[in-house]
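The chain is numbered in sequence order, starting from 1.
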Amino acid sequence: MNADILNIGQAAEASGISAKMIRHYEDVGLVPPASRTFSGYRTYNHRDVHMLRFIKHSRDLGFSIKQIGDLLSLWRDQNRPSSKVKSMATEHIEMLDRKIRELSAMKSELTRLVSCCHGDTRPDCPILDKLAQNK
């Protein structure tokens, strides 16, 4: 195989994205269909790997598939206003802040319940009691 052409395993290793996820991203239309060999194997070039790394970094920052699609479109558009990118990132930060508050509240409640549980041989358990409440 040409040194500039990678199979899916090599593209996965180079990008840090599993082959399964690369196929998934293709299936959902996030990445264009890969080129194929005569025998039907997917092939990738270094530009494809660069795009996959972009996707991986975006996923690592918690962006959704839809958001990554939008970011990819903006990335490819050299005439884009950076204000669109900043707006997307700012909205994402706000969503992350909400999620952090929700997770913090969950942790506080669970910490409180754990502190109320004796954790011994008795069957009574305030953790299970709280989970069973119809609230």
Side-chain angles (χ1 to χ4, degrees):
M1 190 176 280
N2 183 330
D4 293 331
I5 302 298
L6 307 171
N7 65 35
I8 195 166
Q10 293 165 323
E13 185 175 333
S15 66
I17 298 175
S18 72
K20 181 178 180 179
M21 286 307 297
I22 292 172
R23 287 189 292 272
H24 173 70
Y25 292 152
E26 184 178 325
D27 289 344
V28 298
L30 187 59
V31 298
S35 299
R36 301 278 183 147
T37 64
F38 181 71
S39 55
Y41 291 103
R42 289 174 171 87
T43 61
Y44 301 87
N45 60 37
H46 292 287
R47 198 169 341 124
D48 297 325
V49 170
H50 190 60
M51 177 183 54
L52 291 169
R53 286 180 183 149
F54 181 99
I55 292 168
K56 179 171 183 349
H57 196 190
S58 299
R59 288 298 286 167
D60 290 346
L61 292 174
F63 286 101
S64 69
I65 298 292
K66 163 89 172 75
Q67 290 170 317
I68 294 171
D70 294 343
L71 288 168
L72 281 168
S73 294
L74 290 167
W75 184 46
R76 291 178 185 125
D77 178 4
Q78 295 301 307
N79 296 315
R80 74 194 167 254
S82 64
S83 61
K84 286 186 178 182
V85 182
K86 183 174 183 175
S87 175
M88 283 186 67
T90 301
E91 287 175 21
H92 189 61
I93 289 168
E94 291 167 0
M95 185 277 304
L96 290 172
D97 283 339
R98 281 191 304 275
K99 181 69 93 176
I100 288 167
R101 285 191 300 275
E102 290 168 5
L103 289 170
S104 181
M106 283 188 265
K107 180 184 176 199
S108 294
E109 175 67 2
L110 193 52
T111 299
R112 185 186 68 73
L113 291 171
V114 166
S115 71
C116 294
C117 182
H118 295 287
D120 55 18
T121 58
R122 292 182 284 181
D124 60 313
C125 179
I127 299 168
L128 293 177
D129 292 343
K130 179 66 174 182
L131 293 174
Q133 283 181 353
N134 292 329
K135 196 173 176 186

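- Going from atom CG of Leu30 over to atom CD1 of Ile22 covers 11.5 Å, rounded to the nearest 0.5 Å.
- We find the CD-CZ distance between Glu26 and Arg42 to be 4.5 Å, quoted to the nearest 0.5 Å.
- Between Arg23 and Asp27 there is no salt bridge, since none of the side-chain N atoms of the basic residue sits less than 4.0 Å from a carboxylate O of the acidic one.
- Looking at Arg101 and Asp97, no side-chain N of the basic residue comes within less than 4.0 Å of a carboxylate O on the acidic one, giving no salt bridge.
- Checked by atom type and distance alone, the side chain of Gln10 pairs as donor or acceptor with a backbone atom of Asn7 at under 3.5 Å.
- Placement of Leu96 and Leu71 in two distinct hydrophobic clusters is found when ILVMFWY residues are connected by side-chain heavy-atom separations under 4.5 Å, directly or transitively.
- Within the 4.5 Å cutoff, the side chain of Ile17 has no heavy atoms near those of the Arg53 side chain.
- Looking at His92, its side chain never comes within 3.5 Å of a backbone N or O of Gln67 through a donor-acceptor pair.
- Within 6.0 Å of CZ in Arg76 there are more than 12 heavy atoms belonging to other residues, nucleotides or ligands.
- Distance alone, capped at 3.5 Å, is enough to place a donor-acceptor pair between the Ser58 side chain and the Phe54 backbone.
- Under the 4.5 Å side-chain criterion, counting only non-hydrogen atoms from C-beta, Trp75 is not in contact with Val85.
- Residues Leu74 and Arg80 approach most closely at O-CD, 2.8 Å, considering heavy atoms.
- Without hydrogens or angle criteria, Ser108 side chain to Ser104 main chain gives a donor-acceptor distance under 3.5 Å.
- The line from CG of Leu52 to CZ of Arg59 is 13.5 Å long, rounded to the nearest 0.5 Å.
- Rounding to the nearest 0.5 Å gives a distance of 14.0 Å between NE2 of His57 and OG of Ser15.
- Note on Met21 and Tyr41: separate hydrophobic clusters, where clusters join Ile, Leu, Val, Met, Phe, Trp and Tyr whose side-chain heavy atoms are under 4.5 Å apart, directly or indirectly.
- For the pair Asp4 and Asn45, the minimum side-chain heavy-atom distance is 4.5 Å or more.
- By the neighbour-count criterion of 12 heavy atoms within 6.0 Å, atom CD of Glu109 is densely surrounded, having more than that number from other residues, nucleotides or ligands.
- Note that the CG atom of Leu103 and the CG atom of Leu110 stand 12.0 Å from one another [nearest 0.5 Å].
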